[in-house]
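Note that the structure is predicted; figures quoted are calculated from it, not measured. The residues of the chain are indexed from 1 along the displayed sequence.
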Amino acid sequence: MTQKSVMHSAHWGAFQAKRSGEHLLIEPFRSDPDPSPLLQNFHRALNHPARVARPMIRRGWLENGPGPDRRRGADEYVTVSWEEATQRVAQELKRVGNAYGPAGIFGGSYGWSSAGRFHHAQSQVHRFLNTTLGGYVRSVNSYSSGAASVLLPHIVGDMNEIARRGVSWEEIAHHSEVVVAFGGLALKNAQVASGGLSEHTERGFMQQAARRGTRFISVSPLQSDLPEEAQGEWLALRPGTDAAFMLGVLSVLIAGGLTDEAFLARYCVGWPQMVAYLCGREDGVVRDAQWAASICGISSDRIAQFARQLAGKRVLVTVAHALQRAEHGEQPVWLGLVLAAALGQPGLPGGGFTYALGALGHYGKHHNLVSFPALPQGKNGIDLFIPVARIADMLLNPGASFDYNGQRLTYPHIRLAYWAGGNPFHHHQDLARLRQAFCQLDTLIVHESAWTASARHADIVLPATMTLEREDIGGAPTDRHLIAMHPVAEPYGEARDDYTIFRELARQLGREEAFSEGRDARGWLQHLYQQLREKLAAHQVQTPEFSEFWQQGMLTLPQLKDGGRMINAFRANPDGAPLPTPSGKIEIFSAKIASFGYENCLGHPVWREPQQKPSTDYPFWLIANQPATRLHSQLDFGDYSQGAKRGGREVCSLNRQDAAALGIAEDDIIELYNERGHVLASARLTDGLLTGVVQLPTGAWYDPIDPTAARPLCRHGNPNVLTLDVGTSSLAQGCSGQITVVQVRKYAGEVTPVQAFIPPHGSVQRVSA
């Protein structure tokens, strides 16, 4: 039956939707100049066989009770009623809470499950654990920017100020002469933004800048990291060697007298230490262009040419998330800032340094006058945390010590993990190790709308609604449209939204009032919207009542022209507006970081050789970057994601010369492997990446032939089977999953169909529309 079209929103765009039988008809927001094709993933998502329809409990847990169990990921499931499921969850929360307190519970969520600000799963699970159990062990930072988010406050200021309030796309279009993009400016990344994105403008601004004469230079092993609209240049360097390249460029600028010494003296601290390191006075190693060329694969002449063409120009240096998602990932971010400072650019319109421009649709945009209120989290009664990418370390090594940002911390002993709105088997590295870690838990509880790998490792799986099946409000700090997200369909099977699930559990735990404050979901939407109205009224901005907003479907919000506010104010008046760093200046040398005594992250940026580099056994770099056809692993079964696969498998790109040497042809099934596991993918041959490099995006649902194998083989193409699970450094302990090394060969074994979207044994069911 066809129904009326309603307004809704996703992280990759606002849209009108209506149901037509088993399908959704999607019409992008009419004011979006460049709608995301990711909207196509919704077309047949509502009733996909991979959906979780009823509460499920893993047989081993149901029969034997809580406790470590190696059958996780390889067990069958038993359907239970909601009454039994919630009773068992409440009993287990009581047991663990009474025996171990909040320190025995980990609240796992990653915040990307819905653009809606109320049904934000991360907020829901954290509020629930705080208000009902007194707290939980939390994670800090993100897989995307774990290294940069710790480093940047030490050397220039809050990461959000640099990323979200840094140089804007509008400034670039009008002022930048050269944009040096380390890691590129891939439009596939800018298609998404947490909370929603109603207008995709990056492509248009790049076109506008290029027509004006802006020169875009992408420094990356992948040609695809810069869109054609930029009319730019591709400088192909070896993966993970950006720091060495930047050091070579700096040495050329110094030798040629091309550095802005007045800016460095007035606005920075630590330039003499940097020069001493480059010139060899610190340790006897001269880090000039010839030295850099031997590491990064760019000739010394080309490095020198590159450096000299920057002098005297309005230059913007951008550093992508990708660079810091690797061993020693702090270093290229730091050096990107140093390069911009050496050129005297920070604070000039269209010039300077910005982190992660193009990595999210938020960045490079103007901020709203006021932000939409967040769901209150309550108070966490304990202050125990881990860097988010250290989850396996914590579960495998309770009681062990680790370094983080100047602190010596201890991993808590987690007995129960509660996950809602996230899939760690997408984000995390070395999936065999991650599975081993999850097997140590007493209990893993997951809210999920589909049978992801994380759901398949859970003890209790509670079916959660998709965003399309609930009402909410979509909004982001840099998006000028607030979206009334009307439900498109009834919940699938017995699925419930996270708030309803948590409210019932809170009732059974005797804490319903503390959790709900007497409001249902609609009551919370009205409450949060009214708070927004009051914030705008304080600025003499009048807005409609909730009922009118809900009927209209959208509200246009006033914005600030605030690009580069912090760094521009700093340059204009350094005495009156210091940066939020210990010195009040850009810290090329950080005495604070130096005081930590970390050999792998010194007081100034350096080149550090990674432990992973090509060898005889594993001669290829593997780049595991973000996918172009989905957000993370979301809706991997969707039409757009499936349309990009070949034979149901993820596509791996490799250079034509490498393919010829290996006897690999287009569409061959190939095997990538190293000491951690094996992955199958379909081969795509191209000239658009460096020789010796293969590229396989993340996000294909983990599909091991034998989940219990020490070196599993994923037939679907999940590269995190192969990536290394180590922190970027002792400073940030960020994710280093962007780059690893592998061997590649044409697959000679039996090719079996992908099983990733078939529910586990004992849970097969079909719910009609």
Side-chain angles (χ1 to χ4, degrees), residues 47-96 105-106 108 121 125 128 415-425 434-466 469 491-498 500-502 504-505 507-509 637 701-708 755-768:
N47 289 293
H48 194 276
R51 292 291 305 271
V52 181
R54 298 177 178 88
M56 296 282 178
I57 298 181
R58 187 175 61 81
R59 184 173 294 280
W61 192 94
L62 189 63
E63 294 177 350
N64 302 320
D69 192 341
R70 291 195 55 79
R71 287 173 292 178
R72 287 194 178 100
D75 206 350
E76 63 180 23
Y77 284 83
V78 177
T79 302
V80 298
S81 66
W82 267 109
E83 181 181 14
E84 179 178 357
T86 54
Q87 285 177 353
R88 288 184 178 272
V89 170
Q91 289 167 3
E92 181 61 359
L93 288 169
K94 286 180 183 178
R95 182 190 73 84
V96 175
I105 298 172
F106 182 75
V125 69
F128 170 74
R415 314 294 176 140
L416 181 150
Y418 206 126
W419 226 280
N423 180 12
F425 277 83
L434 180 63
R435 177 187 175 276
Q436 181 187 5
F438 276 125
C439 287
Q440 310 308 308
L441 288 165
D442 283 2
T443 302
L444 173 60
I445 303 168
V446 168
H447 294 193
E448 238 329 331
S449 62
W451 281 106
T452 64
S454 297
R456 293 169 192 264
H457 286 78
D459 299 304
I460 302 176
V461 183
L462 302 179
T465 51
M466 294 176 63
E469 298 161 344
Y492 178 82
E494 297 178 14
R496 298 177 178 179
D497 62 70
D498 298 309
T500 299
I501 297 170
F502 284 132
E504 171 57 23
L505 289 171
R507 185 190 67 77
Q508 295 195 30
L509 293 167
F637 52 73
W701 283 15
Y702 182 44
D703 187 24
I705 293 177
D706 178 4
T708 66
Q755 306 289 304
F757 307 121
I758 299 175
H761 183 66
S763 63
V764 177
Q765 57 219 288
R766 182 74 174 127
V767 176
S768 60

Show the nearest heavy-atom pair for residues [X] and [Y], with the distance to one decimal.
X: R71; Y: R58; answer: CB-NH1, 3.9 Å
X: A90; Y: Q508; answer: CB-OE1, 3.7 Å
X: A85; Y: V80; answer: CB-CG2, 3.9 Å
X: A458; Y: V446; answer: CB-CG2, 3.6 Å
X: A420; Y: A121; answer: O-CB, 3.6 Å
X: A756; Y: W701; answer: O-CE3, 3.6 Å

(request) For side-chain contact (heavy atoms from CB on, under 4.5 Å), just list the numbers for F425 and T452, CA-CA rounded to whole Å, side-chain angles, deciding distance to a tenth of an Å, and then say yes or no. (result) CA-CA 8 Å; F425 277 83; T452 64; over 6 Å; no
Is a side-chain N or O of [X] found less than 3.5 angstrom from the main chain of [Y], in a donor-acceptor match?
X: R456; Y: W451; result: yes
X: D442; Y: L416; result: no
X: E504; Y: T500; result: no
X: R435; Y: G73; result: no

Separation between [atom1] of [X] and [atom2] of [Y], rounded to the nearest 0.5 Å:
X: Y492; Y: R54; atom1: OH; atom2: CZ; result: 8.0 Å
X: L441; Y: D69; atom1: CG; atom2: CG; result: 11.0 Å
X: I501; Y: I445; atom1: CD1; atom2: CD1; result: 11.0 Å
X: L509; Y: T86; atom1: CG; atom2: OG1; result: 10.0 Å
X: I57; Y: E63; atom1: CD1; atom2: CD; result: 11.5 Å
X: I460; Y: R88; atom1: CD1; atom2: CZ; result: 7.5 Å

State, with a plain yes or no, whether a side-chain heavy atom of [X] is found less than 4.5 Å away from one of [Y].
X: P463; Y: S449; value: no
X: V125; Y: D498; value: no
X: W419; Y: H457; value: no
X: R496; Y: L462; value: no
X: L93; Y: F128; value: yes

(request) Count the heavy atoms belonging to other residues, nucleotides or ligands that lie under 6.0 Å from CD of E83, then report whether that count exceeds 12. (result)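 At most 12 heavy atoms, drawn from other residues, nucleotides or ligands, come within 6.0 Å of this atom.
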(request) Assign the ring pair F637 / H48 to parallel, tilted or perpendicular, where the plane angle (0 to 90°) is split at 30° and 60°. (result)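 If you compare the ring of F637 with that of H48, the planes turn out parallel.
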(request) Hey, can you tell me if Y418 and F502 have their rings parallel, tilted or perpendicular (30° and 60° cut-offs)? (result)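 Ring orientation, 0 to 90° scale: tilted.
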(message) Between N423 and S454, do the side chains contain a donor N or O and an acceptor N or O under 3.5 Å apart?
(response)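 Yes - a donor-acceptor pair under 3.5 Å links their side chains.
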(message) Testing the 3.5 Å rule here: is there a donor-acceptor pair between the side chains of T443 and E92?
(response)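 Judged by distance alone, the side chains do pair up.
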(message) So if I apply the salt bridge (Lys or Arg N to Asp or Glu O under 4.0 Å) rule between R51 and each of E448, E469, E494, which one comes out positive?
(response)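 Going through the options one by one, the only one that passes is E469.
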